[in-house]
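Working notes, structure below.
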There are 2 protein chains.
Amino acid sequence: MIPLVNEASGTNEVDGDRPRRADAVRNRALVLAAASDVFAEQGARAQVEEIARRAGVGVGTVCRNFPTKQALLQAVLNSSYESVLETAERALESPDPAEAFEQFFITLPGFHVRHRAFAEQMANELELAAQPVRDKLMAAISELVTRAQDAGALRKDIGPADVSMLLSGVAHATALAGDLQPMLRERYVRIILDGLRPGDTAGLPGRAVSFAELRRAKQRHAK
Amino acid sequence: MIPLVNEASGTNEVDGDRPRRADAVRNRALVLAAASDVFAEQGARAQVEEIARRAGVGVGTVCRNFPTKQALLQAVLNSSYESVLETAERALESPDPAEAFEQFFITLPGFHVRHRAFAEQMANELELAAQPVRDKLMAAISELVTRAQDAGALRKDIGPADVSMLLSGVAHATALAGDLQPMLRERYVRIILDGLRPGDTAGLPGRAVSFAELRRAKQRHAK
DNA sequence: GTATAATAGGAAGGATGATTCCGCTTGTAA
DNA sequence: TTACAAGCGGAATCATCCTTCCTATTATAC
């Protein structure tokens with residue numbers, strides 16, 4: 001389902017060691033692909049056995065390749081981050097900042113919806129693996145926001161973390177709406193985009209917070 | 001935490017049967033109150049033992065009063081619905097429809113956040129218990145929306161289900177933001193309210209859907 | 001083709017958490 | 001005050017999943 005970017009261990013080589021058996025390499029890839037689908041559909045609660053079944057291997061094989069379910073999930077999420085990052089970077093290439101921002105804004109919730117586990121992760125932000133890709137993604141979002149603001153297409157009192165949260169809210173709200181989902185998703189994104197335009201509206205309460213600040217608050221909260 | 005309205009079995013009478021023992025009645029109420037707190041804090045994943053501990057009773061007592069955890073959750077949610085319904089009806093009493101709508105709109109996500117299990121239920125909508133209160137709540141929301149539209153304070157292409165989903169999105173997005181949460185919640189509600197005002201903005205894609213239609217889509221989706 | 005070690009599969013083990021059960025306690029009524 | 005059934009607590013049971021382990025299989029090197 002997700003195009004797996006930069007698939008770990010996609011080759012026969014294990015650094016500094018013997019080459020692994022061809023079937024082992026293939027099975028690992030099958031597991032990763034199956035896990036990607038299953039986590040996307042069912043979120044992090046998906047069962048290991050289901051993943052094994054879809055990959056056409058035994059549970060033992062899954063667990064040998066990924067010591068815990070958590071590790072498997074992280075591997076899958078890493079791919080998801082890379083995929084979203086790619087979308088953001090493609091948007092950044094657009095010459096029109098307003099256009100770039102809107103485009104990204106419309107695309108992201110759809111991705112969230114199609115990848116439940118990813119959405120959960122974006123919301124929870126508790127695991128620290130995948131940090132490098134994550135950071136790059138946030139940098140890209142920040143850039144999109146700043147450019148849109150400089151172009152006068154986005155109110156100034158908005159920060160990148162606000163964008164990220166609003167989008168995940170839309171994704172969550174529409175996640176279970178069945179076949180109405182794409183329509184509703186776009187409706188809500190449009191409503192929010194309207195609310196985000198600079199204009200004669202009153203200033204927002206509070207202040208734009210950075211991703212870092214938001215993360216600290218979440219950690220404090222998690223006790 | 002929630003003021004329990006209309007607490008089931010708050011009296012000694014069991015219809016058509018002997019009165020129940022006083023301590024049993026008291027314990028049932030304690031369990032319900034504890035469950036309300038615990039589900040509010042932790043969502044539906046809260047453990048029965050934790051509820052029993054906070055109620056100061058054994059797990060056996062919890063399970064005797066409510067045959068399954070699901071039943072207990074339903075009882076709690078019923079109270080939550082009544083409480084939200086009360087808020088909506090209070091808002092309807094306000095003479096200014098725009099004011100009434102905004103007031104409700106600002107209050108609801110806070111309620112969601114404080115009552116995790118309720119928010120999950122609003123989003124999932126899979127249980128059919130609590131249907132009567134639910135229906136009344138939706139009627140009240142519809143009324144708030146229609147009045148606000150007639151007063152020219154709300155764009156016309158919005159339906160009550162849209163309002164409900166947007167609010168639950170805000171709740172979800174901000175749920176884990178720790179002490180920043182109230183601030184962010186209000187920011188996002190304001191942004192959405194701005195986006196919902198009638199104005200020179202382009203029309204929304206799709207169409208406003210009713211609660212009933214939304215429910216059907218969800219059921220279809222749940223397979 | 002054979003020897004060997006890597007890998008597979010899936011049953012057994014372990015952890016967590018809901019539900020049941022049973023001997024003891026206590027409220028209620030005569 | 002006593003008798004007794006309702007109700008209590010919490011250990012035992014059951015269910016669900018993740019993880020480990022052991023035997024059988026199979027890729028690979030010679």
Side-chain angles (χ1 to χ4, degrees), chain A residues 8-35 38-39 41-76 116-117 120 127, chain B residues 8-35 38-39 41-76 116-117 120 127:
Chain A
S9 306
T11 83
N12 259 2
E13 294 308 318
V14 174
D15 52 345
D17 218 334
R18 297 295 140 74
R20 300 187 310 142
R21 265 168 52 170
D23 58 343
V25 173
R26 183 171 35 79
N27 278 336
R28 185 188 165 95
L30 285 174
V31 167
L32 214 37
V38 177
F39 282 136
E41 285 166 29
Q42 309 183 8
R45 318 181 44 176
Q47 290 172 222
V48 171
E49 204 180 313
E50 164 82 5
I51 293 171
R53 182 158 6 99
R54 283 221 222 168
V57 304
V59 282
T61 300
V62 174
C63 292
R64 199 164 339 96
N65 277 286
F66 301 92
T68 67
K69 179 174 151 178
Q70 189 60 28
L72 175 55
L73 180 58
Q74 280 305 324
V76 168
R116 275 187 69 161
E120 290 164 10
E127 299 306 328
Chain B
S9 307
T11 83
N12 260 5
E13 295 307 319
V14 173
D15 53 344
D17 218 335
R18 299 290 140 72
R20 300 186 312 142
R21 267 167 51 169
D23 58 343
V25 174
R26 182 170 35 79
N27 278 337
R28 186 188 165 93
L30 286 174
V31 167
L32 214 38
V38 176
F39 282 136
E41 286 168 27
Q42 308 181 10
R45 318 180 44 176
Q47 291 172 219
V48 171
E49 203 180 313
E50 164 82 7
I51 293 171
R53 183 157 5 102
R54 282 219 223 168
V57 304
V59 281
T61 299
V62 174
C63 291
R64 199 165 338 96
N65 277 286
F66 302 91
T68 67
K69 180 174 148 177
Q70 189 60 28
L72 174 55
L73 180 58
Q74 281 303 325
V76 168
R116 275 186 69 158
E120 290 164 11
E127 300 306 328

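Chain letters run A, B, ... following the sequence lines, proteins first and then strands; every chain starts at 1.
Comparing dG7(D), dA8(C), dT28(D) by their nearest atom to the side chain of Ala22(A) picks out dT28(D). When each of dT26(C), dT19(D), dA5(C) is scored by its nearest atom to the side-chain atoms of Cys63(A), the top-ranked nucleotide is dT19(D). Distance from the side chain of Arg21(B) is smallest to dA6(D) among dG9(D), dA8(C), dA6(D).
Side chain Arg20(A) to base dT7(C): no donor-acceptor pair is found below 3.5 Å.
Regarding Asn65(B), its CG atom lies at a distance of 17 Å from the P atom of dA18(C), rounded to whole Å. Atoms CG (Leu30(A)) and C1' (dT7(C)) sit 14 Å apart, rounded to a whole Å. One atom, CZ of Phe66(B), and another, P of dT20(C), lie 15 Å apart when rounded to the nearest Å. Between the P atom of dA8(C) and the CG atom of Asp23(A) lies a distance of 6 Å, rounded to the nearest Å. Remark: P of dT16(C) and NZ of Lys69(B) are 16 Å apart, rounded to the nearest angstrom. Rounded to a whole Å, the CZ atom of Arg64(B) is 17 Å from the P atom of dA18(C). Separating the CG atom of Leu73(A) from the P atom of dC18(D) is a distance of 12 Å, rounded to the nearest angstrom. The CZ atom of Arg26(B) sits 15 Å away from the C1' atom of dT28(C) (whole-angstrom rounding).
Summarising the geometry, atom CG belonging to Leu73(A) is positioned 8.0 Å from atom NZ belonging to Lys69(A); distances are rounded to the nearest 0.5 Å.
For residues 53-62 of chain A, proximity to DNA chain C is found at Gly56(A), Val57(A), Gly58(A), Val59(A), Gly60(A), Thr61(A), defined as any non-hydrogen atom under 4.0 angstrom from a strand atom.
DNA chain C is contacted by both Gln47(B) and Asn27(A); Asn27(A) maps to the nucleotide lying nearer its 5′ end (nearest heavy atom per residue).
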Side-chain donor-acceptor distances from residues 44-52 of chain B under 3.5 Å, at least two apart:
unit_1   : atom_1 : unit_2   : atom_2 : d
Glu50(B) : OE1    : Arg53(B) : NH1    : 3.1
Glu50(B) : OE2    : Arg54(B) : NE     : 3.0
Glu50(B) : OE2    : Arg54(B) : NH2    : 3.2

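In plain terms, the two heavy atoms of Phe39(A) and Arg116(A) that are nearest each other are O-CB, 3.9 Å. Taking both residues in full, the closest heavy atoms of Ala35(B) and Leu72(B) are given as CB-CD1, 3.7 Å, listed atom of the first, atom of the second, then distance.
Among the protein residues, Ala46(A) comes within range of the sugar-phosphate backbone only, with heavy atoms under 4.0 Å from sugar or phosphate atoms but none that close to a base.
In this structure Ala24(B) satisfies the side-chain contact (heavy atoms from CB on, under 4.5 Å) test together with Arg21(B), sequence neighbours excluded.
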